Novice: 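Take this structure, written in structure tokens, and hold onto it; I'll ask about it next.
To find a chain, count down the sequence lines: A is the first, B the second, and so on, and within it residues start at 1. Quick caveat: nothing in here was measured; it's all calculated off a predicted structure. Side chains included, hydrogens not; waters and symmetry mates left out as well; all remaining heavy atoms used.
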Amino acid sequence: MTDIEKPSNFIQQVISADLDAGRVETVITRFPPEPNGYLHIGHAKSICLNFGLAKQFGGACNLRFDDTNPEKEDDEYVQAIIADVRWLGFDWADEPKFASDYFGQLYSWAQYLIGEGKAYICELNAEQMREYRGTLTEKGKNSPYRERPAEESLALLEQMKIGAIDEGAMTLRAKIDMASPNINMRDPVIYRIKKMAHHRTGEAWNIYPSYDFAHGQEDAIEGVTHSVCTLEFAANRPLYEWFTSNLPLPTTPHQYEFGRLNLNYTLTSKRKLKQLIDENHVDGWDDPRMPTISGLRRRGVTAAAVRDFCDSLAVAKTDGVVDIAQFEHFIRDDLNDTARRAMCVLNPLKITLSNYEQGKEEMLTAAGHPNRDDLPQRELPFGRDIYIDKNDFSEDTTLSRKKFKRLVIGEYVRLRGAYVIRADEVISDNSGEIVEIVGSYVPDTVGENPPEGIRPRGVIHWVSATNAIDCDLYLYENLFTVPAPDAGEGSFLDHLNPQSLQVVTNCKAELGLANAVAGEQYQFEREGYYCLDAKYSSSDKLVFNRTIALR
RNA sequence: UGGGGCGUCGCCAAGUGGUUAAGGCACCGGGUUUUGAUCCCGGUAUCGGAGGUUCGAAUCCUCCCGCCCCAGCCA
């Protein structure tokens, strides 16, 4: 079944070829995070790739937790990862898998290797091992324990397993080649002692397999055909293959590497993201400024936008830095289609329409979306007193119509979805601050063009002064002020953007927004895309996060 | 300096000896528009460098330059 359009990236080409040649019947991929942190946008690329490949070729993709190191792992991360992958819109064949489910099998394969004379218990400590390993340019030398009899290694491994040996005193090493130009092949450690409870296996084990000894075998157990990982694992591939060819595995998976996603003005390093949280630079893994899936979700970015962005990324072996603008494009692109429109005035300036009957109020209706009539219409109460944004008025009457398409004394402007109005007079306080505008409305201009001679400068948003809800807006900008916070001397923390969060209080929003719920996006017309923040909102104060501004 | 990988427009990239060297983002013009949004038109590269093979090279060969990864009992 090669009715696939046309393989566009090298991995698709490999899969197509494997299918055509009959080397593979059903494509099985996997997304294998270690549960030691939350997923971020970089993982999203891998998720979209792995699940996408499986779907495209009619196969399946497993969600598998690579939990071989209890030190940094936790069930909290397992649950968060599951939720994030689901939110992104992907599903896996039956239950999530865990490396820890295979600890027993892995252990017997270790015994097998010892029996074959291909692994041994080494008593070199960490420092000695480093010395024996050699350097990039110098060969390593054999461990004095390298020729230990299999029976002895087998017995010691058992001792390690039951906790009879001190941490750090011994390791199990694969016997490969201390002179290999690839350092990963110089008798790598495949089991180490960690007397530590594991979030799933508890106290059952005192030893844990290393990544290299686990990954390929996990793939083989699950029948993974194409094990797709990032470039930094390329040097581990020979080792991956050494295990798949020296162990009696049920299948022979193959590893392929692609370039991980790097985005400018942010970070995609779990360690550093965790540091931002631990040092309270942000509000947690789901802080809307974080590049984490949970942060993006809370920010108001949709799963579709994340997927579209990831699909727009090339799968190649180059390691470039994608411009955050490319991501923002897909965020706006999706939100423009899906977000309901609403009006919210950030910096309210009252304007009284002197010719509008005192006490009168009428209900206007506006479209929920300019080109979608499946979204409900909005009801907008209109009266004599309304709010417009301070930025939409200028005392400078010399501003050209082209340069300033807003309100100016003596001129007209269209209130979006309502009347054409004119500004007549400015009322200022003692300090010269404008506190109010007195204006007038042009009757019969709702949905109608104004009479000849009246040319509105533009269209501005507004909200009824007597029928509005109060809210606070959280405006976000890049977390860092430089494109590559990671690069150069010094800490990435030196580049934190002090203005990454700006809180605007006492904003006035249209009535309908009182019913907003988290997870539902709005476009505050002429301002940007916003969504309710469940964490910061309370019954008496609504808080909206700005997902992204309009262009 | 050993091994592995990579260098095509400002950014991400298609391209697998014969194409006017795709496309997206960004940017710059112009049009539509009751969001300065959206939408719609139009514009912008000779392929890291130098040699060579060939009727013909971004695509093959040679040398050079640059960047990334590997010396955790992390993944």
Novice: How far, in whole Å, is B/U32 from B/C40 if one measures between their P atoms?
Specialist: 16 Å

Novice: Base, sugar-phosphate alone, or nothing: which one does A/R341 contact when heavy atoms must sit under 4.0 Å apart?
Specialist: base

Novice: Between A/Y211 and A/F233, does the ring centre distance come in under 6.0 Å?
Specialist: yes

Novice: Using a 6.0 Å distance limit plus a 45 degree cone around the ring axis, check whether A/R64 lies over the aromatic ring of A/F98.
Specialist: no

Novice: Does A/L239 reach a base, just sugar-phosphate, or nothing at all? Heavy atoms under 4.0 Å.
Specialist: nothing

Novice: Rounded to the Å, how far apart are A/N371 CG and B/C40 P?
Specialist: 12 Å

Novice: Rounded to whole Å, how long is the line connecting atom CG of A/N9 with atom P of B/U16?
Specialist: 16 Å

Novice: P atom, B/A14 versus B/G52: distance in rounded Å?
Specialist: 31 Å

Novice: Which is true for A/K403 with a 4.0 Å heavy-atom rule: it touches a base, it touches only sugar-phosphate, or it touches nothing?
Specialist: base

Novice: In whole Å, what is the span from the CD atom of A/E328 to the P atom of B/C11?
Specialist: 18 Å

Novice: State whether A/D392 and A/R526 are salt-bridged, where the test is any N-O pair (Lys NZ or Arg NE/NH1/NH2 against Asp/Glu carboxylate O) under 4.0 Å.
Specialist: yes

Novice: Partner of B/C74 by Watson-Crick or G-U wobble geometry, both contacts under 3.5 Å, or none?
Specialist: none

Novice: Think A/R526 has a side-chain N or O under 4.0 angstrom from the OP1 or OP2 of B/G36?
Specialist: yes

Novice: In whole Å, measure the gap between the P atoms of B/A50 and B/A37 for me.
Specialist: 44 Å

Novice: Under 6.0 Å from the six-membered ring centre of A/Y38 and within 45° of its axis: does the NZ or CZ of A/K270 meet both?
Specialist: no

Novice: Sticking with atom C1', work out how far B/U35 lies from B/U19, rounded to a whole angstrom.
Specialist: 42 Å

Novice: Out of B/G7, B/U34, B/G2, which has the shortest distance to the side chain of A/T318?
Specialist: B/G7

Novice: Pick the P atom in B/G49 and in B/C11, then give their distance to the nearest Å.
Specialist: 15 Å

Novice: What I want to check is whether an N or O donor and acceptor connect the side chain of A/E448 with the base of B/U34 at under 3.5 Å.
Specialist: no

Novice: Between B/A58 and B/C6, how far apart are the two C1' atoms, rounded to whole Å?
Specialist: 15 Å

Novice: For B/A26, take OP1 and OP2 only and decide whether either is under 4.0 Å from a side-chain N or O of A/R551.
Specialist: yes

Novice: Atom CZ of A/F10 to atom P of B/G15: distance rounded to whole Å?
Specialist: 12 Å

Novice: May I ask you to verify if any side-chain N or O of A/R133 is less than 4.0 angstrom from the OP1 or OP2 atom of B/G72?
Specialist: yes

Novice: Which residue, A/K402 or A/D212, contacts RNA chain B at a nucleotide closer to its 5' end, judged by nearest heavy atom?
Specialist: A/K402

Novice: Salt-bridge test for A/K194 and A/E167: reply yes if a basic N is under 4.0 Å from a carboxylate O, no otherwise.
Specialist: no

Novice: From OH of A/Y208 over to P of B/A75, roughly how many Å is that when rounded to an integer?
Specialist: 12 Å

Novice: Could you work out the separation of B/A22 and B/C47 based on their C1' atoms and round it to a whole Å?
Specialist: 14 Å

Novice: Going by purine N1 to pyrimidine N3 plus the second Watson-Crick contact, or the G-U wobble pair, all under 3.5 Å, which nucleotide sits opposite B/U1?
Specialist: none

Novice: Can you tell me the distance, in whole Å, between the CG atom of A/N69 and the C1' atom of B/C73?
Specialist: 10 Å

Novice: Quick check on B/G72: is either OP1 or OP2 less than 4.0 Å from any side-chain nitrogen or oxygen of A/R130?
Specialist: yes

Novice: Between A/P181 and A/A314, who's closer to the 5' end of RNA chain B by nearest nucleotide?
Specialist: A/P181

Novice: Using a strict 4.0 Å threshold on nitrogen-to-oxygen distance, state whether A/D319 and A/R260 make a salt bridge.
Specialist: no

Novice: Could you please name the partner base of B/G42, counting Watson-Crick and G-U wobble pairs only when both distances are under 3.5 Å?
Specialist: B/C28

Novice: Check A/D486 with A/K272, please: is the shortest side-chain N to carboxylate O separation under 4.0 Å?
Specialist: yes

Novice: Using atom NZ of A/K405 as one end and atom P of B/U32 as the other, report the distance to the nearest whole Å.
Specialist: 11 Å

Novice: With a 3.5 Å limit on both atom pairs, tell me what B/G66 is paired to, counting Watson-Crick and G-U wobble, or say none.
Specialist: B/C6

Novice: Under 4.0 Å, heavy atoms only, any strand: does A/G447 hit a base, just the sugar-phosphate, or nothing?
Specialist: base

Novice: Between A/T68 and B/C74, is there a contact of a side-chain N or O with OP1 or OP2 at under 4.0 Å?
Specialist: no

Novice: Do any side-chain nitrogens or oxygens of A/K194 fall under 4.0 Å of OP1 or OP2 in B/C74?
Specialist: yes

Novice: Expressed in whole Å, how much space separates the P atoms belonging to B/G24 and B/A45?
Specialist: 15 Å

Novice: Tell whether A/Q523 reaches the base of B/U35 with its side chain through a donor-acceptor pair below 3.5 angstrom.
Specialist: yes

Novice: Tell me the interatomic distance from A/L550, atom CG, to B/G36, atom P, rounded to whole angstroms.
Specialist: 9 Å

